[in-house]
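Here is how names work: the chains are called A, B, and so on, in the same order as the sequence lines, proteins then strands, and each is numbered from 1.
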Amino acid sequence: MSASARPSSPRAATHDAPSTGGLGAFLERRIAYILVFPTVVGILLVDVYPLLFNLWISFQERKISSATATFIGFRNYQRILADPEVWNAIWISIIFTVASVFFSFIIGFGLALLLNRQFPFRGIVRSVFIIPWAIPAFVAALVWAWMFNDQFGILAALFRSAGWRAPIWLGKDWALWSLIAVMVWKSFPFQLVVLLAGLQSIPKEQYEAAAVDGANVFQRFWSITLPLVKPVAMVGVLLAAVNAFHYFTIPWILTRGGPANATNVIPIATYNIAFIAGDFGYAAAAAVLMFLFILLISGIYIWQYIREVQDVG
Amino acid sequence: MASLAVSAAPRRPLRRRLSQHVGSAAAWAVILFAIFVALFPFFWVLRTAVTPAPEAFSLRPTLLPNSYTLDNIVRVIVSPTLPFGRYFLNSALVSLGTTVLVLVAGSWGAYALARLKFRGQRAFGISLLLIQLFPAVLLVIPLFVVFARVGLVNNLLGLVVAYTTFNLPFVTWLLRGYFLSIPRELEDAARIDGCSYLGVLFRVVLPMAAPGLAAVATLAFVNSWNEFFFAYVMINDDAKRVLAIGLSAYIDQFRTDYTGLFAMATLTTLPVVAVFVIFQRYLVGGLTAGAVKS
């Protein structure tokens with residue numbers, strides 16, 4: 001703020017000069033392009049070019065080990081559409097995404113409603129809930145693997161002390177649900193933060209007016225809280241869904257897609273095709289397919305935001 | 001609601017006040033239980049890190065260990081086979097490098113996007129959003145092919161480049177939102193007083209956007225520190241490993257040394273958790289202004 005107090009200092013004055021010509025004026029006229037240049041170059045190099053290159057690779061027969069690549073048209077895509085393992089991976093990814101987003105949203109929303117009230121230690125309590133988000137996913141996955149451990153795990157010990165036999169958490173029947181539980185634990189803070197921000201932006205006067213009109217707690221929730229928090233909630237849910245759909249670390253460290261492909265989500269399947277089987281062309285096609293799914297999930301989000309960009313730009 | 005509640009409170013019947021107390025007790029119970037669940041795995045990392053190995057493998061673990069030790073942490077730090085200091089330095093270099101790079105480029109681009117007019121502006125804004133949807137596996141194969149050709153595989157600089165893929169678009173987009181939320185009048189006043197656009201950016205906008213910059217810097221740093229997938233694919237050399245890869249190597253090499261593993265996990269996690277918790281105030285504000293702004 002203090003920097004803005006002296007905008008008419010001599011140095012600033014020499015910078016400006018839209019009408020005097022020379023290098024300064026040239027730079028000033030082109031300033032938007034100059035400022036955008038590094039970002040545009042960066043994004044073209046590390047995002048757009050790889051995307052197009054990936055598309056190109058997906059039409060090739062290309063192995064990790066050899067330098068040669070042959071153009072084979074849509075054959076990778078034909079193969080992938082007929083590959084039961086890929087369909088299995090898509091199906092598992094959908095379950096993983098829908099379940100983890102659903103539960104993390106419910107938990108995040110419930111807690112956001114509680115934390116939105118005035119109470120002592122509110123700041124500290126909020127900081128605490130951000131911790132699962134801050135912990136590196138690979139550390140989270142490692143400690144959950146340790147807690148899930150059949151022998152020395154704390155969960156197994158808990159079951160033993162209650163006289164029950166613990167399920168094999170990362171075994172075939174439970175593995176996917178164990179991963180979902182870890183994902184929910186990891187991602188509910190994001191929902192909490194987003195929804196809390198949404199709740200706090202609702203003007204207090206609306207509730208006061210409704211209370212004066214005799215609306216009870218539930219009526220106020222239905223007719224004020226829900227509609228006003230909806231736009232924020234939608235963005236939060238869609239971002240979380242996209243994130244869960246291409247989440248690699250937690251499933252990889254906990255189960256590597258096993259046992260018997262029970263947790264073989266599509267990022268793991270693609271990784272295996274690319275770097276274990278070494279089939280770059282086929283994996284690139286799988287990645288494109290995955291991206292199409294993400295576009296499908298996030299169609300609404302994109303639409304909403306494109307409209308916003310149009311309003312501004 | 002607050003003022004109304006305060007003035008009405010003394011006149012409320014006792015039963016209503018009582019039910020309110022029960023209600024807030026229930027709310028506290030739920031919050032405390034949620035805190036327990038949220039924190040327990042983190043606590044269990046720390047607990048395992050300071051427990052002597054025999055006790056860590058107890059079939060009846062207790063919440064707090066019966067004896068504490070710093071041996072695990074010392075062992076990890078001085079380990080000759082897995083040079084923790086090296087990994088830590090690598091992680092710090094990559095994360096700081098990425099953060100500085102995307103912060104400089106991103107804040108310039110965001111300012112142009114928020115305040116200036118240029119051709120292709122809308123296409124640029126929309127592509128920033130679309131790019132955030134790219135899955136990492138979509139970019140990893142082409143990047144791997146290109147990096148292999150130019151010597152960026154097994155190279156920390158390669159990781160900085162790879163981390164720019166997912167940090168630059170969202171940093172630019174969030175800062176755009178943040179800049180838009182800053183009142184325009186101050187900038188206009190500076191312009192009228194003869195300040196150039198660059199002068200406005202550096203003297204007015206960036207200082208006022210400090211909380212937003214802190215928020216995105218925190219996110220970019222933590223994102224890079226916590227990244228696993230690219231590091232896993234791109235780095236093989238022991239000396240080039242970042243913490244994520246060093247830790248996963250720990251499981252492969254010392255399958256049973258869980259106490260060492262979690263000592264290392266503790267040293268990996270504490271710095272980022274500290275950064276995140278310290279900056280969370282800005283984080284929430286910055287995210288709200290940038291991302292969730294309607």
Can you list the steps and then say if A/Tyr271 with B/Val140 is a side-chain contact (heavy atoms from CB on, under 4.5 Å)?
CA-CA 9 Å; A/Tyr271 171 85; B/Val140 75; over 6 Å; no
Quick one, B/Phe40 with A/Ile154, criterion side-chain contact (heavy atoms from CB on, under 4.5 Å). Give me CA distance, side-chain angles, the key distance, then yes/no.
CA-CA 11 Å; B/Phe40 188 81; A/Ile154 180 81; 4.0 Å; yes
Show your working on ring-ring contact (aromatic ring centres under 6.0 Å, His included) between B/Phe57 and A/Trp146 and close with a plain yes or no.
CA-CA 11 Å; B/Phe57 292 97; A/Trp146 177 225; 5.7 Å; yes
For A/Phe280 and B/Phe144, run side-chain contact (heavy atoms from CB on, under 4.5 Å): C-alpha distance rounded to whole Å, both residues' side-chain angles, the deciding distance at 0.1 Å, then the answer.
CA-CA 10 Å; A/Phe280 271 9; B/Phe144 188 85; 3.7 Å; yes
Applying side-chain contact (heavy atoms from CB on, under 4.5 Å) to B/Leu138 and A/Met290, what does each step give before you reach the verdict?
CA-CA 8 Å; B/Leu138 187 71; A/Met290 187 174 159; over 6 Å; no
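In this structure, no portion of A/Arg30 lies under 4.5 Å from any heavy atom of chain B. In this structure, chain A has heavy atoms under 4.5 Å from both the backbone and the side chain of B/Ile35. In this structure, chain A has heavy atoms under 4.5 Å from both the backbone and the side chain of B/Thr165. For B/Val45, the parts lying near chain A are the backbone and the side chain together; criterion is any non-hydrogen pair under 4.5 Å. At a 4.5 Å heavy-atom cutoff, the contact between B/Tyr197 and chain A is made by backbone and side-chain atoms alike. In this structure, the portion of B/Val233 lying under 4.5 Å from any heavy atom of chain A is its side chain and not its backbone. Contacts between A/Ile253 and chain B at a heavy-atom distance below 4.5 Å involve the side chain alone, from C-beta outward. Both the backbone and the side chain of A/Ser127 come within contact range of chain B, judged by heavy atoms closer than 4.5 Å. For a residue to count as touching a neighbouring chain, one of its non-hydrogen atoms must lie under 4.5 Å from one of that chain's; by this rule A/Asn149 touches chain B with the side chain only. Heavy atoms of B/Arg115 lying under 4.5 Å from chain A are absent altogether. Of the atoms belonging to A/Ile294, it is side-chain heavy atoms, and not backbone ones, that fall under 4.5 Å from chain B. Looking at B/Leu261, only its side chain comes within 4.5 Å of chain A, counting heavy atoms on both sides. Residue A/Phe188 touches chain B through its side chain alone, counting heavy-atom pairs closer than 4.5 Å. With a 4.5 Å cut-off on non-hydrogen atoms, B/Phe134 touches chain A through its backbone and its side chain both. Neither the backbone nor the side chain of A/Trp56 comes within contact range of chain B, judged by heavy atoms closer than 4.5 Å. For A/Ile64, the part sitting under 4.5 Å from any heavy atom of chain B is the side chain, from C-beta outward, and nothing else. When heavy atoms are compared at a cutoff of 4.5 Å, B/Leu201 approaches chain A solely by way of its side chain, counted from C-beta outward. For a residue to count as touching a neighbouring chain, one of its non-hydrogen atoms must lie under 4.5 Å from one of that chain's; by this rule B/Phe42 touches chain A with backbone and side chain alike. With a 4.5 angstrom heavy-atom cutoff, A/Ser298 touches chain B only via side-chain atoms. Contacts of B/Glu227 with chain A are made by backbone atoms alone, with heavy-atom separations under 4.5 Å and no side-chain atom involved.
The CD1 atom of A/Ile31 sits 7.0 Å away from atom OG of B/Ser196, with the distance rounded to the nearest 0.5 Å. If you take CZ on A/Phe248 and CZ on B/Phe230, they are separated by 11.0 Å, rounding to the nearest 0.5 Å. Between atom OG of residue A/Ser58 and atom CD1 of residue B/Ile141 there is a gap of 9.5 Å, rounded to the nearest 0.5 Å. To the nearest 0.5 Å, the span separating CG on B/Leu139 from CZ on A/Phe291 amounts to 9.0 Å.
When each of B/Val145, B/Leu128, B/Thr172, B/Val102 is checked for heavy-atom pairs under 4.5 Å with chain A, B/Val145 comes out on top. Between chain A and the residues B/Ser24, B/Ala112, B/Ala105, the most heavy-atom pairs under 4.5 angstrom are made by B/Ala105. Contact count against chain B (heavy-atom pairs under 4.5 Å) is highest for A/Asn54 among A/Val128, A/Asn54, A/Val36. Note on A/Ile57, A/Leu142, A/Leu45, A/Val41: by heavy-atom pairs under 4.5 Å with chain B, the leading option is A/Leu142. Put simply, of A/Asn243, A/Val125, A/Ile135, A/Leu295, the one with the most heavy-atom pairs under 4.5 Å next to chain B is A/Ile135. Most heavy-atom pairs under 4.5 Å with chain B, from the set A/Val40, A/Leu51, A/Val288, A/Leu52: that is A/Leu51. Ranked by heavy-atom pairs under 4.5 Å with chain A, the list B/Leu133, B/Val273, B/Val200 is led by B/Leu133. Looking only at heavy-atom pairs under 4.5 Å with chain B, the residue among A/Leu115, A/Leu114, A/Val242, A/Ile107 that has the most is A/Leu114. Chain A forms more heavy-atom pairs under 4.5 Å with one residue of B/Thr48, B/Val272, B/Leu243, B/Val30 than with any other, namely B/Thr48. Note on B/Ile278, B/Leu101, B/Asn223, B/Leu116: by heavy-atom pairs under 4.5 Å with chain A, the leading option is B/Leu116. Ranked by heavy-atom pairs under 4.5 Å with chain A, the first of B/Phe166, B/Phe118, B/Tyr111 is B/Phe118.
Nearest heavy atoms, A/Tyr49 versus B/Val146: CE2-CG2, 3.9 Å. When all heavy atoms are compared, the tightest approach of A/Pro136 to B/Asn226 is CG-OD1, 3.2 Å. Considering every non-hydrogen atom in both B/Val37 and A/Trp185, the closest pair reads O-NE1, 3.1 Å. A/Pro267 approaches B/Val137 most closely through the heavy-atom pair O-CG1, 3.9 Å. Shortest non-hydrogen contact noted between B/Ala265 and A/Val139 is CB-CG1, 3.9 Å. For B/Thr164 against A/Val46, the heavy-atom pair with the smallest separation is C-CG2, 4.2 Å.
At least one donor-acceptor pair closer than 3.5 Å links the side chain of A/Arg160 to the backbone N or O of B/Leu59.
Side-chain atoms of A/Thr39 and B/Trp108 form no donor-acceptor pair, as typed in the model, at a separation below 3.5 Å.
Ring centers of B/Tyr232 and A/Phe138: at least 6.0 Å apart, outside the cut-off.
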